[in-house]
Every structure is written in structure tokens, then in C-alpha cells.
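Structure, as C-alpha cells:
Numbers restart at 1 for each chain; the letters A, B, ... are given by sequence-line order, proteins then strands.
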Protein chains: 2
Amino acid sequence: MYKNVSLSDQIFERLEEDILFGVYPKGEILTELKLSESLGVSRTPVREALKMLEQEHLIEDCGKGMMVLGITLEDAMNIYEIRKRIEGLAAARCAVTATDEQLQEIKETVELQEFYVSRGDSEKIKEQDTLFHELIYKYSGSAVFYDTLIPLHRKIQKFRKTSMEQKSKADQSLAEHKRIIEALLSRDPFKAEAAMDEHAEHAQFRLADTFNVETGKDH
Amino acid sequence: MYKNVSLSDQIFERLEEDILFGVYPKGEILTELKLSESLGVSRTPVREALKMLEQEHLIEDCGKGMMVLGITLEDAMNIYEIRKRIEGLAAARCAVTATDEQLQEIKETVELQEFYVSRGDSEKIKEQDTLFHELIYKYSGSAVFYDTLIPLHRKIQKFRKTSMEQKSKADQSLAEHKRIIEALLSRDPFKAEAAMDEHAEHAQFRLADTFNVETGKDH
DNA sequence: ACGTGAATACTTGTATACAATTATACAAGT
DNA sequence: ACTTGTATAATTGTATACAAGTATTCACGT
């Protein structure tokens with residue numbers, strides 16, 4: 001399920017990160033030829049990587065190459081609106097369907113996150129946060145949750161990392177993860193759903209606070 | 001935003017439909033060479049089509065080719081669980097952000113749907129149903145909703161079509177679409193959200209009834 | 001100065017060739 | 001009968017060649 005060994009995949013991951021972290025700013029135009037030359041490979045794997053980025057809606061064909069779209073703060077807020085509504089469900093399913101070993105795997109990410117929070121390493125915190133959520137999607141018992149939530153969660157990694165640079169926010173996030181893993185370990189889908197819903201809600205607040213956005217209501 | 005002209009895209013659409021409708025049953029193995037020969041094209045576009053199908057999780061690399069996964073009834077039920085939670089939000093946004101022309105475009109699909117319901121043409125009903133929902137995603141004001149909901153809605157088209165073969169269910173669905181477009185035209189996000197949420201809920205019931213599934217609760 | 005049109009360069013889509021990996025079949029030894 | 005090793009076949013990953021379409025440039029006429 002998770003092999004990223006081919007050149008195409010490597011290039012995809014690299015470009016995805018570069019786009020999400022602004023190395024290639026919005027509006028920049030990427031062409032197969034230039035990328036293949038700068039990366040020292042042929043057009044074929046570059047082309048496949050661009051196809052994947054296009055499917056993720058991070059770039060767009062603009063006639064003279066692929067234009068970088070990237071992720072706006074507004075996109076991120078909308079992603080949280082969606083996550084608030086379905087991550088709890090995924091967590092509830094996970095509480096019921098995951099094996100004990102899988103729950104231990106999730107627990108491990110919380111412990112590592114605690115370690116990195118004590119060190120103030122926001123990059124590593126973000127990594128464990130990513131793993132925590134992705135494992136819950138993975139063990140939710142249906143690929144539908146995984147496939148739907150993974151791209152959303154991946155796309156906001158830059159914003160998540162920035163939030164984690166504030167100690168108080170990193171502490172809050174960790175505390176919420178602890179409540180979630182506790183609910184999962186006690187096999188309580190209701191508690192897991194509630195804890196995850198609250199986590200998503202708070203994470204959105206933290207994002208809004210970090211970037212001084214009006215949280216507001218949807219309508 | 002919507003150009004599907006290249007061979008890759010044509011092959012993708014054809015294979016996607018064939019997989020979703022069971023022409024290629026679950027477990028069947030597709031190889032680039034065989035497909036390229038049977039379609040009379042080179043491996044390159046076939047390869048790209050397979051990459052897209054893999055990203056949509058409809059096929060999976062199994063070492064000796066790509067194995068067809070397809071969509072199970074359980075997947076479809078999970079997709080409805082997700083749609084129930086976020087389609088209402090998309091509709092609410094649409095009520096606020098869509099232009100009058102765009103709303104007319106949506107209304108048009110309801111009128112065509114009514115025509116096809118009177119004829120009992122389930123294929124055409126499904127097509128207009130698809131268009132109705134996809135336009136709402138599209139005019140929801142954020143690509144995030146579109147990108148998230150489109151693959152989910154596409155994947156269950158076979159189940160939607162089967163449901164629409166029963167006159168009573170087609171009538172119900174049409175009536176619900178009418179309520180939604182009415183709310184959209186009155187620019188009422190709350191009514192639009194409520195009407196869409198109810199529609200998704202009922203559509204799930206109709207699916208469950210059609211295939212004799214326990215609707216149950218999530219947990 | 002401005003529009004028009006042709007030539008040019010750029011970019012992608014597709015086909016094909018080749019290399020490398022992996023699966024398969026089959027034979028030999030225990 | 002079962003494993004092991006080897007040869008063979010199948011399959012994909014990557015590079016490259018070529019064609020077609022599209023944008024750009026620049027010269028020319030007005």
C-alpha cells in the first residue's frame with residue numbers, strides 16, 4: 001500500500017512539498033522540460049509527477065506549462081470545515097475496528113510527539129501529528145476515509161507546522177491527542193468521536209489565531 | 001478546468017466506467033501491454049490512465065499488473081456517511097456564492113431530471129443527478145469541496161443508477177432536488193443545507209433499501 | 001504607432017526502445 | 001512429495017524520438 005520508490009513518486013513528493021511550502025510560489029509555471037533538466041531525469045517521470053499534482057489540484061494546466069496553485073489560508077479553513085465533520089467519524093470507526101497492535105502504533109506517535117513538544121521541534125511535531133491522524137484514517141476500516149482525508153491533511157501541513165511553533169498551541173494539540181488515544185484504547189467510539197471533533201474544532205481555532213483570521217460562522 | 005481530450009483521459013474514463021459497472025470484475029488483473037494492444041494505442045497513455053485509477057483507489061499494484069478493486073456496497077454506504085456530513089455545507093456555500101446564471105444552470109438539471117423521470121430512463125436520470133450535485137460542488141466557492149466530493153459521487157454512480165430504476169425512488173429524489181434548488185434560488189444557506197442533508201440521508205436509505213442492507217447506526 | 005501574419009521556438013502527447021525488476025515454469029536433488 | 005536453483009518470460013520504469021498543437025516573436029504594411 002505504501003511504496004514510494006520510483007522516480008515519479010520521489011519527484012511528486014518533492015514537488016508537492018516545495019509547492020506546499022512556497023518554494024514554487026503561486027503563479028510560477030513548471031514545464032516538463034525545465035524540471036527534467038534541473039532534476040537530471042527524463043521527461044517521463046516528471047510528467048507523471050505533474051499528473052499527480054494536477055489530480056491533487058496543486059497545479060493547473062495553463063497552456064504554456066503547469067501553473068502552481070498551492071494552498072491558500074482560505075483553502076486551509078475550508079479543509080478544517082470538512083475535517084471537523086468527518087474526522088470524528090473516522091476516529092469512531094477506528095475505536096471499533098483497529099487491532100490492539102494498531103492502537104499501540106498510534107499511541108507511539110503521541111509519545112514521540114510529547115518528546116518533540118518538550119524539545120520545541122515544530123517540524124518533528126508536525127511529522128508525528130501527520131502520522132497520528134493518518135494512522136487513524138488507515139485503521140478506520142475503510143479506504144474511503146483514508147482516501148478522502150489524506151489529501152486534505154497533507155495539504156495543510158505548512159499551516160499545521162506554523163501553528164506548532166507556539167508552545168501553548170503545541171501543548172494543547174498534544175493534550176487533545178492524548179484524549180483521543182485514550183478514547184481509542186478504551187474502545188469507546190462515542191468518546192473517540194467527541195474527542196476528535198473537538199480536536200479538529202480547536203485546531204481550526206489555533207490556525208485562525210495564528211494567522212489572525214476571523215473564524216466566524218459559515219453563514 | 002474540464003478538458004478531457006487526450007487519449008489518457010479517454011482511456012481513464014472508459015476504464016473507470018468499466019470498473020465501476022463491473023465490466024472488469026474485482027480481482028481481474030490489468031496490464032499495460034494487454035490494454036494497449038486491445039485498445040490499439042501505445043503503453044504510454046494506458047499507463048497514465050492506470051496511474052489515475054490507482055490514485056482513485058479503483059485498482060492496485062499487485063506485482064503482476066494492476067488488480068481491479070472496484071467499489072463495494074460497504075464502500076458506497078461509507079461514502080454516504082461522508083456525503084451526509086459535508087454536502088449540506090457545500091450547498092450552503094453555493095446558496096451564497098453562486099451567481100444567478102449558475103443557479104439557473106443547476107435548475108436546468110432538475111427540469112431535465114423531471115423529464116427523464118417521466119420517461120423512466122434511469123441512465124439519464126443518473127446523469128442529471130450527477131450534474132446537479134457536481135454543479136453544486138463546483139459553485140460552492142472552493143475547489144476543496146469540489147475535489148473532495150467529486151470522486152465520492154462518481155464512485156457510487158452504479159448504485160445511484162440502480163436506485164433510480166424504481167419509480168418511487170426516482171420520484172423522491174426528484175422532489176428532494178426541487179427542494180434544494182428552491183432553497184438555493186431563495187439564497188437561503190440554512191434551508192439549502194438542511195434540504196441537502198436530508199437528501200443525502202434519504203439517498204442512503206434508498207440505497208440500503210434497494211440492496212437490502214441494514215442501515216443501522218455507525219456505532 | 002499599431003495591427004497582421006508568417007516564421008520560429010516551446011510544450012506537450014504519443015510511440016517506441018531498452019533496462020531492470022519480478023514472477024513463472026521447470027528441472028534436479030533430497 | 002517438496003524444496004531449491006536456474007532459465008525464461010512478463011511487466012514495469014525510464015529515456016528518447018517524433019509529431020502536433022500552441023504561444024511568441026518579429027518583420028512588414030498601413
Rounded to whole Å, the CD-C1' distance (Glu32(A) to dT11(C)) equals 8 Å

So that I can tick it off, tell me whether Lys178(A) and Glu114(A) are bridged by a salt bridge, with the cut-off set at under 4.0 angstrom between side-chain N and carboxylate O. yes

Rounded to whole Å, CG of Leu53(B) lies from P of dT12(D) at a distance of 13 Å

Quiz item: Can a side chain N or O of Ser6(A) be found less than 4.0 Å away from OP1 or OP2 on dT12(D)?
Solution: no

Of dA15(C), dT11(D), dA15(D), the nucleotide closest to the side chain of Pro45(A) is dA15(D)

Separation of dT22(D) atom P from Asp61(A) atom CG, nearest Å, is 11 Å

Glu54(B) atom CD is separated from dG13(D) atom P, nearest whole Å, by 9 Å

Side chain to side chain donor-acceptor pair (under 3.5 Å), that's the test. Do Tyr146(A) and Glu134(A) meet it? Break it down for me. CA-CA 7 Å; Tyr146(A) 187 85; Glu134(A) 293 190 358; 5.0 Å; no

Using Watson-Crick geometry (N1-N3 plus N6-O4 or O6-N4) or G-U wobble (N1-O2, O6-N3), each under 3.5 Å, dA1(D) is paired with dT30(C)

Atom CZ of Arg43(A) and atom P of dC10(C) are separated, to the nearest Å, by 14 Å

Any Lys/Arg nitrogen of Glu56(B) or Arg154(B) sitting under 4.0 Å from an Asp/Glu carboxylate oxygen of the other? no

Polar contact flag, side-chain donor to acceptor under 3.5 angstrom, Arg47(B)-Ser36(B): no

For dA10(D), take OP1 and OP2 only and decide whether either is under 4.0 Å from a side-chain N or O of Thr31(B).
no

Picking from dT11(D), dA15(D), dA15(C), the nucleotide nearest the side-chain atoms of Lys34(B) would be dT11(D)

Leu39(B) atom CG is separated from dA15(C) atom C1', nearest whole Å, by 15 Å

**Request:** Report yes if at least one side-chain N or O of Ser42(A) is closer than 4.0 Å to OP1 or OP2 of dA15(D); otherwise report no.
**Result:** yes

- For dG13(D), does either OP1 or OP2 sit under 4.0 Å from a side-chain N or O belonging to Arg47(B)? yes

Separation of dT12(D) atom C1' from Asp9(A) atom CG, nearest Å, is 13 Å

Discussion item. It should be established whether Lys64(A) places a side-chain nitrogen or oxygen under 4.0 Å from OP1 or OP2 of nucleotide dT24(D).
Written reply: yes

Rounded to whole Å, the CE-C1' distance (Met52(A) to dG13(D)) equals 12 Å

The residue, Ile29(B) or Leu7(A), whose nearest nucleotide of DNA chain D is more 5′ is Ile29(B)

| query | Should Glu81(B) and Lys84(B) count as an ion pair when the cut-off is N to O under 4.0 Å? | reply | yes

